[in-house]
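This chain uses plain numbering: 1 for the first residue, then up along the sequence. All of these numbers come straight from a predicted model, not from anything done at the bench. As the structure lists them, so they are numbered: ligands from 1, and atoms in each ligand from 1.
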Amino acid sequence: MPPPLLLEGELFPSSPGMLHRRSRRHHLMNRQIRRCSASTFFLIALTASYLSFRSFFPSSSSYYLRFGYSWDRLVRSSASPRRDSGISVLVTGAAGFVGSHVSLALKKRGDGVVGLDNFNDYYDPSLKRARQALLSQHEVFVVDGDINEAQLLARLFDSAQFTHVMHLAAQAGVRYAIENPHSYVRSNLAGLVTLLEACKSSDPQPAVVWASSSSVYGLNEKVPFSESDATDRPASLYAATKKAGEEITHSYNHIYGLSITGLRFFTVYGPWGRPDMAYFSFTKNILQGKPITIYRGKDGVALARDFTFIDDIVRGCVASLDTAGKSTGSGGKKTGPAPYRIFNLGNTSPVTVPKLVRILERNLKAKAKVIAKEMPGNGDVPFTHANISSARTELGYEPKTDLESGLKRFVKWYMSYYGDSNKGDTNPEESRQ
Ligand SMILES: O=C(O)[C@H]1O[C@H](OP(=O)(O)OP(=O)(O)OC[C@H]2O[C@@H](n3ccc(=O)[nH]c3=O)[C@H](O)[C@@H]2O)[C@H](O)[C@@H](O)[C@@H]1O
């Protein structure tokens, strides 16, 4: 194949002058090509080393977003108390129902608060984002992360000196365990242990207050339920994981000197509540003219719950933080005994589910279309009733809100949040009702 014309002319010039000029041009071009190759090589090498540097981190951009200078600054500033002798609290599940309320209450009285939440889609995550937005208005920083991320927890404890951890992140819901048992193991067992490991290794160790559940009483028939009652007959996997949590926290208290307070919440309800709970989904269905199912116990007996209003629960949580003794461990070793406490936080006045529906009907000015069904054997218990003497004595806990006034406040919030647009339709738990 003949060589290209231009090249032929360069190699066999028609005149010496031309040869000279062409040879200089040729020389210059060669130099440019060499320079080009060198810079191309340099660029390739640079890109390669950048890429291999990036691969050290799970995701470089999220790494910098999470652990960059401004992330640290946000964590530190959010964790700093604004009052003398204020406490500094890491609240897990901060975008959840109880977590968001407790975070706000602490921040409002001048304590430092950093939230942690994985924003999972067990129920409508947009409600969790709305709670986060509210917290952000009050300068509470909520970190997007999971309690199973040991590296993240270690970094949080490095960035701020938390005096307390309010552990509320969990897989909630009694009946959903039939559908997704592993999410209970992941959050309520594995996540709990990862969090306790971080607490035990932190120096100084924080005091831990965490959410257990009234469901640990399971098939207990002695009423009202007292903390000293047997809790060895759970009726659901959810209850079993909460009971296991009480044992797990006990072992961390015993071995590492972590100060532990477990709170057995009794069916908490109120504004910004959880859409998977009966009072919430009943409200939505009544407004939409859809039927609701009311379960009945043996021989048609109405089921009852010791429904407890969120503000009362918040007071109990804050009092638990305030009275929690210090952890005694250091460098992963206990230096003396630390407090281990368990309290019922209930309302002490159980109300039947049909009565709950009647109160909702009055507040919503609408009639419920009721389907009555026998309670399915999927983890439910017929009734709950809290003895709160211990919480009264040790925490000064005194519930102030009856179901009538609490539901009134819930309905007011529901109407202002959703309007009558029935926005609740987008909730994933819809399919679970
Ligand atoms: O106190 C607790 O420890 C627990 O309280 C609630 O669990 P639960 O009391 O079962 O609350 P709901 O799911 O709101 O049910 C309340 C009552 O309504 C009944 N119900 C529920 C749903 C339904 O469609 N129909 C119905 O009659 C239930 O059987 C129950 O008696 C929470 O969902 C748990 O996360 C929490 O740990």
Side-chain angles (χ1 to χ4, degrees), residues 93 96-99 122-123 168-178 183-184 187-188 210-218 220 224-225 231 234-243 245-246 262-270 273-286 290-298 300-310 312-313 316 342-348 350-360 368-386 388 403 406-407 410 429-433:
F97 172 35
V98 180
Y122 167 61
Y123 62 80
L168 298 167
Q171 176 57 63
V174 175
R175 291 162 289 277
Y176 178 60
I178 298 280
S183 75
Y184 291 80
S187 295
N188 303 359
W210 75 286
S212 181
S213 157
S214 73
S215 65
V216 299
Y217 291 106
N220 185 23
F225 300 162
T231 49
S236 65
L237 179 66
Y238 169 70
T241 60
K242 285 295 181 181
K243 172 64 185 165
E246 294 186 353
L263 302 175
R264 293 177 179 167
F265 294 155
F266 282 69
T267 314
V268 189
Y269 72 99
R274 269 176 36 209
D276 61 312
M277 289 185 66
Y279 73 95
F280 202 119
S281 63
F282 286 175
T283 300
K284 186 181 77 182
N285 282 15
I286 293 172
K290 291 183 183 167
I292 62 169
T293 306
I294 297 185
Y295 300 130
R296 285 181 316 213
K298 257 193 193 144
V301 172
L303 304 184
R305 287 290 181 274
D306 199 357
F307 296 101
T308 312
F309 190 61
I310 183 66
D312 292 323
I313 289 291
I342 288 196
F343 295 112
N344 284 342
L345 291 186
N347 198 48
T348 64
V351 175
T352 66
V353 176
K355 176 147 187 216
L356 162 96
V357 172
R358 285 198 295 278
I359 301 175
L360 283 177
K369 293 177 185 155
V370 174
I371 300 169
K373 253 195 201 160
E374 198 166 310
M375 181 176 90
N378 57 6
D380 235 331
V381 292
F383 61 85
T384 62
H385 183 179
I388 57 163
L403 189 61
L407 281 180
F410 165 71
E429 90 284 0
E430 172 91 8
S431 56
R432 292 185 201 121
Q433 300 300 322

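- Classification of the F266-F225 ring pair by plane angle, with boundaries at 30° and 60°, yields tilted.
- Ion pairing between R264 and E246 holds under the 4.0 Å rule for side-chain N and carboxylate O.
- Residues satisfying the salt bridge (Lys or Arg N to Asp or Glu O under 4.0 Å) test with R274, not counting sequence neighbours, are D276.
- Of the polar atoms of G173, at least one N or O is found under 3.5 Å from an N or O of ligand 1, judged by distance alone.
- Between L303 and ligand 1, not a single N/O pair is under 3.5 Å apart.
- Using a 4.0 Å cut-off between heavy atoms, F282 contacts ligand 1 through its side chain alone, with no backbone atom that close.
- Atom 12 (P) of ligand 1 has its nearest heavy-atom neighbour, among R305, R264, R175, in R175.
- Taking the six-membered ring where tryptophan is involved, the planes of Y184 and Y238 are perpendicular, since the angle between them exceeds 60° and thus also 30°.
- Taking 4.0 Å as the cut-off, K242 does not count as a neighbour of ligand 1 on heavy-atom distance.
- Ligand 1 lies less than 4.0 angstrom from a heavy atom belonging to Y238.
- Checked against salt bridge (Lys or Arg N to Asp or Glu O under 4.0 Å), R175 has the following partners two or more places apart in sequence or in another chain: D380.
- Assignment of M375 to the shell around ligand 1 is not supported, since no heavy atom sits closer than 4.0 Å.
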